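All residue numbers refer to positions in the sequence shown, counting from 1. On a predicted model such as this, the values are computed, not experimentally measured, just so you know.
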Amino acid sequence: IDLDVSEIEGDAILFYREGKPPTAPQLLAQVQRMYVDFHAHLKKYETHRICRCGACCAAINLSLKFVVHYGNIAHKQVKEYRKLFGKAVIVAHRLLKNQVPQEEYVLLTNPLMKACATWVHVEESAWAEMEHTEETYDFGAIEYCFIPLAPLHEYVPDLPPGSFGLTGETVKVLEFETVVEAPLETVFNILSDVSIRHEWIPGIQGSSDLTGKITRNGSTHRCVMGDAEKDPFFLSHSFEKQDNLITFVETEPRMKMNSVYTLQRIGKKLTRVQRHDHIPKRILGMIKYRLFVKKKMQYWVSTSWDSFKAYCAELETTGKQPLAQILFEPA
């Protein structure tokens, strides 16, 4: 409904629109769309993430509330934002502290509902029964109604499970194992953070085409090695975690190869790391891999793990933190 953002205020966003008030169907349709989109996005943090930090794990528990008011305002330009002033702004902020006995709701003030004739029939557009009440603040009493948002949760779509790996039967073509003298969480943070792989993988200049700062199921990135046509392009997926075991997979669609990583805690500062590479079980592909790729991959993987162990050891010795985009919640 052409709302603009005035400013972000901690855990709240102040939207505004000048001119005529929205009709009841317009406003409630906007609330429903924002609520459904918000919770659909949060579902990705539950089913499509690799990051296990406290924020990502708790994201699915976030709730949403709307406070909608109508009145006269003044404004002042502060950089790219319009700072709003006036009694109407104060009323909206005070209403964030209320006695509504719901976790998620839309609160609509009487000045809004009296400003447009369509609000007489607001019950026809509402998805649940409205309740009317009032609050008394330092500026006096204000009447409002509220509608619970819980009934809208049934409209939040279920996300289909991600399917990012190779299809069909595969065969293991490479197996590598090492022990890293660092905690499981540190090893996972460094290994899964694609933005810092150039710090420990020989020949990598950096990463590009990242789909986000937080690695999750379905995230992609390209290892920059100097030739955009041949640079490997990886897709991260299939993350699983137990108390002392983490596994995830990276797929290179163009090379038709899966790399399965298994991280196991074997001591307070000891982690066993395994990497298994798989390719489709096709005779010609298997022959080409053994003749032209296997020795190069063995050398590259072995060299990379030596650098990885040295990088982890330096962090442990110096106490430095990795330049990571994600943080792992300690066990």
Side-chain angles (χ1 to χ4, degrees), residues 50-52 165-166 170-207 210 215 219-226 230-242 244-252 255-279 289-290 292-328 331:
I50 285 180
C51 178
R52 297 293 297 181
L166 301 180
T170 62
V171 60
K172 186 190 301 182
V173 292
L174 182 68
E175 184 174 358
F176 191 87
E177 179 178 319
T178 190
V179 174
V180 182
E181 295 183 2
L184 174 67
E185 292 75 25
T186 300
V187 173
F188 174 80
N189 281 345
I190 299 170
L191 183 59
S192 64
D193 190 347
V194 299
S195 67
I196 61 171
R197 290 199 171 172
H198 60 281
E199 296 282 338
W200 56 271
I201 297 182
I204 299 295
Q205 301 171 19
S207 297
L210 278 69
T215 306
S219 291
T220 60
H221 74 280
R222 180 172 67 91
C223 286
V224 179
M225 303 178 71
K230 297 181 179 180
D231 287 348
F233 185 84
F234 293 101
L235 199 155
S236 304
H237 60 95
S238 303
F239 168 82
E240 292 183 11
K241 177 185 180 295
Q242 299 175 17
N244 296 305
L245 188 70
I246 302 172
T247 63
F248 66 96
V249 183
E250 289 187 347
T251 297
E252 218 299 351
M255 294 174 59
K256 302 280 189 216
M257 184 175 72
N258 272 348
S259 296
V260 181
Y261 293 93
T262 303
L263 285 60
Q264 183 180 15
R265 190 195 314 275
I266 58 175
K268 186 175 181 180
K269 290 190 176 183
L270 285 177
T271 303
R272 178 182 291 114
V273 181
Q274 295 175 314
R275 170 175 164 162
H276 296 166
D277 288 356
H278 301 254
I279 64 173
Y289 182 89
R290 291 190 179 116
F292 305 109
V293 179
K294 187 172 183 177
K295 285 187 177 181
K296 293 180 180 178
M297 284 296 298
Q298 286 176 327
Y299 175 78
W300 183 73
V301 170
S302 177
T303 305
S304 297
W305 283 122
D306 287 342
S307 298
F308 181 84
K309 292 167 69 174
Y311 184 71
C312 291
E314 180 185 1
L315 294 179
E316 285 295 303
T317 301
T318 61
K320 294 181 180 178
Q321 293 294 320
L323 302 173
Q325 300 288 353
I326 63 173
L327 292 175
F328 195 93

Are any side-chain N or O atoms of [X] and backbone N or O atoms of [Y], one a donor and one an acceptor, separated by less than 3.5 Å?
| X | Y | value |
| --- | --- | --- |
| R197 | L191 | yes |
| T251 | L235 | no |
| S302 | Q298 | no |
| T170 | H278 | no |
| E181 | L270 | no |
| D231 | M225 | yes |

So, taking the atom named [atom1] in [X] and the one named [atom2] in [Y], what distance separates them when rounded to the nearest 0.5 Å?
| X | Y | atom1 | atom2 | value |
| --- | --- | --- | --- | --- |
| E177 | H276 | CD | NE2 | 7.0 Å |
| T262 | E240 | OG1 | CD | 10.0 Å |
| L174 | D277 | CG | CG | 4.5 Å |
| E199 | D193 | CD | CG | 10.0 Å |
| I246 | L184 | CD1 | CG | 4.0 Å |
| L263 | L245 | CG | CG | 8.0 Å |

Tell me, do [X] and [Y] make a side-chain contact under 4.5 Å, heavy atoms counted?
| X | Y | answer |
| --- | --- | --- |
| E250 | R275 | no |
| F308 | I201 | no |
| M297 | M257 | yes |
| V173 | V293 | no |

(Q) Angle between ring planes, Y261 versus F248, binned at 30° and 60°: parallel, tilted or perpendicular? (A)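 Aromatic pair Y261/F248 classed parallel.
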Q: Assign the ring pair F176 / W305 to parallel, tilted or perpendicular, where the plane angle (0 to 90°) is split at 30° and 60°.
A: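 Parallel, since the angle between the ring planes stays under 30°.
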Nearest non-hydrogen partners of [X] and [Y], listed with the distance:
| X | Y | result |
| --- | --- | --- |
| H198 | I204 | CB-O, 3.4 Å |
| V194 | S207 | O-OG, 2.7 Å |
| R265 | G267 | CG-O, 3.3 Å |
| I266 | T271 | CG1-N, 4.2 Å |
| P202 | W300 | O-NE1, 3.5 Å |
| S192 | F188 | OG-O, 2.7 Å |

